[in-house]
Amino acid sequence: MAGELKYAEAIRRALADELASDPNVVVMGQEIEALGGVFTATQGLAESFEGRVLDTPLAESATVGWAIGAAMAGLRPVVEIMFMDFIATAMDQIVNGAAKLRYMSGGQITVPIVIRTPSDAGTGHGPQHSQHLETWFAHVPGLVVAMPSTVPDAYWMLRQSIRDDNPVVFVESKYLYFRESGEIGPESRGTAHPYEARIVRNGHSVTVVTAGRMVAESLAAAESLAVDGIECEVVDLRFIWPYDRETLAQSIERTNRLMIVHEAVQDFGWGSEICSWAASELFYSLDAPIRRLATPRAPIPFAAHLESALVPNRTIIESAVRDLAMH
Amino acid sequence: MAGELKYAEAIRRALADELASDPNVVVMGQEIEALGGVFTATQGLAESFEGRVLDTPLAESATVGWAIGAAMAGLRPVVEIMFMDFIATAMDQIVNGAAKLRYMSGGQITVPIVIRTPSDAGTGHGPQHSQHLETWFAHVPGLVVAMPSTVPDAYWMLRQSIRDDNPVVFVESKYLYFRESGEIGPESRGTAHPYEARIVRNGHSVTVVTAGRMVAESLAAAESLAVDGIECEVVDLRFIWPYDRETLAQSIERTNRLMIVHEAVQDFGWGSEICSWAASELFYSLDAPIRRLATPRAPIPFAAHLESALVPNRTIIESAVRDLAMH
Amino acid sequence: MTTPEETPSSRSRPSALDLYETMVRIRELETRIESLHYSGKMHGSFHSSMGQEGAAAGVIGCLRSTDLVTSTHRGHGHAVAKGMSPTTIVAELLGLQAGSSGGKGGSMHLHDIGCGFLGENAIVAGGVPWAAGAAWASRRLGKDLVAVSFVGDGGAAQGVFAETLRMARTWGTPLLVACENNHLAHSMPVERTFGEPGSIAAWAAGFGIRAEYVAGDDVFGVHRIAAEMIDEVRITGRAAFLEVEVWRVRAHSLNDPDYRYLPRDLGKSHLQTHDPIANAERSPELSDAEIAAARERVTQEIADAIEAAFEGQAAAESLATSGVYTEAFEREAQLRGW
Amino acid sequence: MTTPEETPSSRSRPSALDLYETMVRIRELETRIESLHYSGKMHGSFHSSMGQEGAAAGVIGCLRSTDLVTSTHRGHGHAVAKGMSPTTIVAELLGLQAGSSGGKGGSMHLHDIGCGFLGENAIVAGGVPWAAGAAWASRRLGKDLVAVSFVGDGGAAQGVFAETLRMARTWGTPLLVACENNHLAHSMPVERTFGEPGSIAAWAAGFGIRAEYVAGDDVFGVHRIAAEMIDEVRITGRAAFLEVEVWRVRAHSLNDPDYRYLPRDLGKSHLQTHDPIANAERSPELSDAEIAAARERVTQEIADAIEAAFEGQAAAESLATSGVYTEAFEREAQLRGW
Ligand SMILES: Cc1ncc(C[n+]2csc(CCOP(=O)(O)OP(=O)(O)O)c2C)c(N)n1
Ligand SMILES: Cc1ncc(C[n+]2csc(CCOP(=O)(O)OP(=O)(O)O)c2C)c(N)n1
Ligand SMILES: [Mg+2]
Ligand SMILES: [Mg+2]
């Protein structure tokens with residue numbers, strides 16, 4: 001599988017390869033069949049896999065419910081929710097249906113569905129097209145929450161999620177779709193278990209835990225800091241839940257300093273779970289207060305300069321890490 | 001305002017008094033008019049306030065949207081969502097509508113609505129009738145999240161919420177509706193600001209931060225612990241957001257130990273926000289790791305004994321606080 | 001159905017007695033469950049379908065055992081008609097390990113995949129897209145089956161319900177929606193939301209699917225039209241809608257003070273005029289001897305079932321946190337402290 | 001409308017020229033906005049209503065200034081027709097402080113409470129219950145107003161849309177739903193979801209409200225039926241539904257590669273056959289002189305508006321986090337570090 005792909009192409013390749021290898025995989029969503037996806041993630045797939053990549057009406061709630069039923073009957077549906085913000089219209093089916101059916105049925109039912117949905121600010125679509133809502137789902141028993149940051153992860157994590165018998169909310173980065181590229185490479189899946197975090201940069205000064213497109217921002221910040229001798233260890237969480245405590249603990253025990261960076265709103269965001277876990281489990285390993293860096297308590301505005309003022313970026317991360325390292 | 005009321009009666013009284021004092025208040029929801037509310041919270045109100053306490057069809061999403069429109073036009077609608085679990089069907093209107101309209105319109109629109117909804121396990125209704133989902137809303141910019149634990153708070157906080165020009169998600173305790181009673185008393189509203197937390201028991205050993213029906217459980221645990229000389233300071237948060245950092249900080253600086261107790265699922269629950277805030281802001285005041293005690297990562301089962309095995313109670317709190325105090 | 005007679009290309013053909021017996025089985029079971037509640041032996045919510053048995057027996061009576069059903073919060077009758085064991089149901093309502101969900105689901109969460117009962121749902125109308133999707137998927141997987149989704153008149157107001165019919169029109173799916181119009185969504189009269197009986201079907205027809213109305217106090221009538229429609233759904237693979245008018249005898253649930261919004265004796269009077277069981281007994285289709293024998297059989301069967309259920313053990317408390325994810329996942333989670 | 005003529009008990013009565021001028025104003029503004037995008041002077045999403053101006057002008061043309069309107073993601077035309085200033089709109093699209101939302105909303109979030117434009121909504125169909133609730137509340141507050149909610153054919157599939165019509169039937173509200181059926185929900189042909197033009201209205205009639213169809217390439221025809229229906233809505237306080245068939249000329253949005261699902265020249269050919277502006281110009285209602293004068297007036301007006309907009313300042317970055325809650329609340333929040 002040679003050659004560079006964009007992040008969006010990696011998603012498409014993963015869908016294609018799962019469609020090819022498992023006849024029970026179907027893909028459902030708006031504008032995915034005739035158009036090929038507003039972010040091209042399904043382009044060409046409807047032609048290659050006839051009748052298995054299907055446009056739905058504007059009905060997110062019924063679409064997810066339909067996928068749940070299809071999963072009960074033996075398919076492995078992948079649903080695309082066009083922008084993560086719209087997932088609010090399907091919350092009931094995801095949370096009261098998909099997430100709970102196994103438990104409510106005493107194990108009789110499994111719901112192997114994947115809900116793919118792009119998040120991120122950065123496209124000038126305004127407050128209802130830019131939210132990071134993964135924390136909601138991480139809070140819900142029964143769901144797995146994936147958030148890939150690279151081309152190989154977009155590909156391999158999506159394949160893994162489609163093969164997962166648990167319902168997975170798969171949060172893609174629309175910021176990275178056409179910016180991030182790379183080779184898929186061989187499956188670099190965790191040596192220990194499928195939900196491993198990955199240390200993407202080694203360092204001894206501060207552990208920076210992040211995911212999605214904030215990984216690249218954090219890495220860029222780390223490079224600048226290295227000039228001044230501050231060496232960040234950057235951990236790409238990959239899965240918001242389950243999150244890989246072993247990898248985190250090992251890193252934090254080495255650096256004794258923890259910074260969490262995400263694009264979701266900081267208040268009650270997933271960083272607070274990581275922070276709380278570390279604060280109670282690694283209390284004696286910490287030399288400084290844990291810091292969170294995330295989007296402040298506001299919707300994402302339309303104007304580009306206002307948006308940039310809210311969402312974390314390499315410069316802000318750099319200065320926050322510098323403060324923490326000096327602490 | 002003499003005489004003891006039940007918690008459910010306090011809610012009803014607050015609605016009645018707001019309906020009486022402000023002709024723009026209307027109450028909308030299922031089974032609230034002809035039946036008077038499945039938990040009696042609106043009993044008799046339709047008769048006393050003709051045409052202002054209104055049954056809706058089974059359409060939570062349109063109901064909330066309708067209330068938003070009514071608020072834009074000058075009313076102060078109070079919506080009842082019968083069980084908090086059902087709020088999942090109205091997430092879009094709450095999150096993409098009510099919460100964002102002020103921001104999206106550049107301040108032209110305010111949405112003074114209250115969404116009242118009962119939470120808690122304990123009634124044997126099973127996994128889709130028992131969830132605590134307040135953390136979702138605390139994560140959303142634009143919303144206020146209230147969660148009263150006593151009769152006076154049920155009354156005064158609801159009145160305050162109806163007068164609040166921000167949209168408020170008002171989480172009631174169905175466990176307490178007919179168990180908790182007390183006098184409404186005079187408005188004991190915060191001396192500093194309307195969203196104050198309240199220290200409901202003084203102590204020097206451990207600060208226990210909690211809300212809703214877990215306040216009573218925590219107080220009961222505190223009484224047992226006092227026998228052994230462990231004195232808990234119990235803080236009733238009252239508002240999940242905004243949460244009162246001053247009161248919390250003062251308490252934690254006195255006790256140097258923090259335990260957070262809630263019924264919502266622990267993972268990514270609101271306790272993690274409180275914990276994170278304290279871990280970073282009060283790092284040097286803490287003598288022991290912060291502990292969270294909450295419901296483990298599972299839906300609420302139907303069977304009473306299974307349910308009791310999941311949801312925190314006085315016994316479990318007691319032993320967890322004991323551990324922490326000894327730490 | 002006791003032993004549905006099936007041929008590959010046709011529906012099962014229950015006898016009049018089969019239909020009758022199913023109704024009696026539902027009535028007997030729910031009546032006994034009610035008593036268990038009153039005597040304090042059961043807890044939690046309970047929504048009786050008394051008076052509505054004609055819909056469950058009539059519609060499900062024309063299904064094959066491989067066909068699928070989704071249900072509502074008021075679904076014991078649907079479960080029983082689809083072949084779910086009363087013992088398993090009662091055990092579930094008692095919160096026992098032998099219950100269909102090991103006590104985790106309770107009255108509004110009966111599921112029995114083995115007999116094609118995909119389950120109840122305590123979210124009104126939430127199960128409708130499940131049935132649509134399951135039927136659609138099964139068709140793709142080469143199975144000749146249909147699904148029936150029950151929903152109430154109240155549920156027909158829910159957004160997901162309209163969305164599902166829209167999607168069914170767009171995609172096609174061998175689904176029959178059986179809408180039990182019992183005149184009330186809890187306390188909301190259907191006249192306020194839809195209008196006279198039949199108006200739900202009239203509205204559903206606007207989705208471009210076949211939609212019919214039938215009176216549910218005549219199980220044979222229900223069965224006739226349902227059988228015809230299900231045959232058509234099976235052959236065409238297209239969705240259809242059947243409004244079954246039924247009469248709610250009990251309060252909405254055991255907790256419901258229905259005297260606040262209904263005349264006190266309305267339920268009783270419904271039993272006088274619209275009881276599908278009494279009506280069947282008055283019909284020429286059944287002899288007195290058959291009726292008596294069936295009643296005796298069923299009474300004994302349910303008594304035995306309840307006795308058997310009471311012999312079960314409570315689920316271990318440790319199970320409360322398990323069964324949320326797949327087993328392999330939970331082993332890993334335990335190991336790694338997730 | 002330039003200066004709507006109003007009497008307390010009747011609707012405004014725009015002249016044919018008024019209606020025409022509104023359409024031209026919309027066309028001119030959107031065409032200029034498009035160019036600003038192409039020349040890199042604007043960013044973000046943009047959904048042109050080119051070809052659909054007959055619906056906006058015809059329907060909103062019969063409203064009073066105090067009447068209310070909610071709109072969709074494709075709402076510039078509705079905003080302009082309701083009287084929103086093009087300068088404010090362009091400033092908003094440029095992300096400037098003088099924009100209607102100070103740059104926080106952008107193209108899919110135009111609001112102008114002052115002229116009764118409650119706003120667009122980027123959640124398809126999400127604004128329909130707002131209009132219903134606002135109209136209902138206003139009626140209770142003694143105001144004689146009506147609300148119009150625009151929605152697309154795609155939006156009519158959304159659950160909240162059906163829920164709102166159900167609730168409108170149950171509660172009553174002086175609402176006209178104006179459904180712009182432009183044959184497509186992005187790439188999904190309306191034939192797959194509803195059927196032939198008129199079928200959305202047929203379905204809506206099933207809610208027990210008056211529902212009509214009209215061709216939207218004739219602004220005078222739209223205006224005639226809309227005026228009649230809005231009068232009726234105002235008098236009865238009951239909801240109604242108007243399906244306006246229109247023809248989408250541009251791609252769904254500026255980002256949309258519509259050649260993947262449509263013939264390349266379809267948009268252009270729609271302009272040939274179904275352009276409401278060209279049709280109005282061909283009608284006997286307008287003289288060539290009137291047309292020329294109006295075109296000149298509007299071209300200048302929009303040019304001036306855009307120039308004025310470009311003079312504005314960017315909103316201060318510090319404003320990004322403010323305006324989420326009320327001012328008093330935010331002062332407290334700042335003080336207390338919430
Ligand atoms: C989404 C949702 N909203 C509200 C409820 C509460 N509720 C349960 S049953 C019911 C009435 C349902 O009426 P209908 O669909 O006619 O069924 P019936 O009870 O008459 O059988 C209501 C409001 C719920 N379970 N789910
Ligand atoms: C709830 C929701 N789902 C999906 C979208 C993405 N989306 C925006 S416009 C559109 C098509 C809408 O079609 P229609 O209602 O006919 O309006 P039109 O674009 O044709 O004017 C879609 C799918 C959205 N904005 N909101
Ligand atoms: Mg009913
Ligand atoms: Mg359209």
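Chain A is the first sequence line, chain B the second, and so forth, proteins listed ahead of strands; every chain is numbered from 1. As a basis for the values below, the full set of heavy atoms in this structure was taken, side chains included, without hydrogen atoms, waters or symmetry mates.
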Colleague: Out of G103(C), A157(C), G44(C), G99(C), return the one with the most heavy atom pairs under 4.5 angstrom to chain B.
Modeller: G103(C)
Colleague: Could you tell me which non-hydrogen atom of G155(C) sits nearest to which non-hydrogen atom of L58(B), and how far apart they are?
Modeller: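 Smallest heavy-atom distance, with atoms named: N-CD1, 4.0 Å.
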Colleague: For M188(C) and E31(B), which heavy atoms make the closest approach, and how far apart are they?
Modeller: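 Distance-wise, the nearest heavy atoms are N-OE1, 4.0 Å.
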Colleague: Heavy-atom cut-off 4.5 Å, strictly under: side chain, backbone, both or neither for S61(B) against chain C?
Modeller: neither
Colleague: Out of S187(C), G323(C), G106(C), return the one with the most heavy atom pairs under 4.5 angstrom to chain B.
Modeller: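 Option with the top pair count is S187(C).
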Colleague: Quick check on P189(C) against chain B: is it the side chain, the backbone, both or neither that has a heavy atom closer than 4.5 Å?
Modeller: neither
Colleague: Is it the side chain or the backbone of A156(C) that comes within 4.5 Å of chain B heavy atoms, both, or neither?
Modeller: neither
Colleague: Do the non-hydrogen side-chain atoms of T123(B) and S45(C) ever get within less than 4.5 Å of each other?
Modeller: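 The answer is no; the side chains never approach within 4.5 Å.
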Colleague: Under a 4.5 Å heavy-atom cut-off, does chain B meet the side chain of L93(C), its backbone, both or neither?
Modeller: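 For L93(C), the contact with chain B is made by the backbone alone.
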Colleague: Looking at G105(C), A185(C), A125(C), A333(C), which one has more heavy-atom pairs under 4.5 Å with chain B than the rest?
Modeller: G105(C)
Colleague: Relative to chain C, which segment of E33(B) carries a heavy atom at a distance below 4.5 Å: side chain, backbone, both, or neither?
Modeller: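 Contact with chain C is through the side chain of E33(B) alone.
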Colleague: For the atom pair CG (L35(B)) and CG (D258(C)), what is the distance rounded to the nearest 0.5 Å?
Modeller: 9.0 Å
Colleague: Are Q30(B) and V124(C) packed together at the side-chain level, in the sense that at least one heavy-atom pair is separated by less than 4.5 angstrom?
Modeller: no
Colleague: With a 4.5 angstrom heavy-atom cut-off, is it the side chain or the backbone of T295(B) that approaches chain C, or both, or neither?
Modeller: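 Neither part, no heavy atoms under 4.5 Å.
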Colleague: For H305(B), is it the side chain, the backbone, both, or neither that has a heavy atom closer than 4.5 Å to a heavy atom of chain C?
Modeller: both
Colleague: Rounded to the nearest 0.5 Å, what's the gap from NE2 on H129(B) to CD1 on I123(C)? Could you check?
Modeller: 6.5 Å
Colleague: Find the one option among A59(B), A298(B), P127(B), P296(B) whose heavy-atom pairs under 4.5 Å with chain C are most numerous.
Modeller: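 Answer, by heavy-atom pair count under 4.5 Å with chain C: P127(B).
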Colleague: Could you name the residues of residues 308-317 of chain B that have a heavy atom within less than 4.5 Å of a heavy atom in chain C?
Modeller: A309(B), L310(B)
Colleague: Please classify the contact of F46(C) with chain B as side chain, backbone, both or neither, using a heavy-atom distance under 4.5 Å.
Modeller: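 For F46(C), there is no contact with chain B at all, as no heavy atom is under 4.5 Å.
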Colleague: Should we say atom CD of E327(C) is surrounded by more than 12 heavy atoms from elsewhere, each under 6.0 Å from it?
Modeller: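 No, CD of E327(C) has 12 or fewer neighbouring heavy atoms, counting only those of other groups under 6.0 Å.
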Colleague: Non-hydrogen atoms of chain B under 4.5 Å away: do they reach the side chain of N255(C), the backbone, both or neither?
Modeller: side chain
Colleague: Check V38(B) against H186(C) and note the closest heavy-atom contact, atom names and distance.
Modeller: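 Looks like CG1-CE1, 3.5 Å.
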Colleague: Test H43(C) against F302(B) for ring-ring contact (aromatic ring centres under 6.0 Å, His included), laying out the working first.
Modeller: CA-CA 9 Å; H43(C) 97 302; F302(B) 159 72; 5.0 Å; yes
Colleague: If I measure from the heavy atoms of chain B, does T193(C) come under 4.5 Å with its side chain, its backbone, both, or neither?
Modeller: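 It is the side chain, since no backbone atom gets that close.
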Colleague: Is a side-chain donor or acceptor of Q128(B) paired with a backbone partner of A122(C) at a separation under 3.5 angstrom?
Modeller: yes
Colleague: Minimum heavy-atom separation for K104(C) and L306(B), please, with both atom names.
Modeller: CG-CD1, 4.1 Å
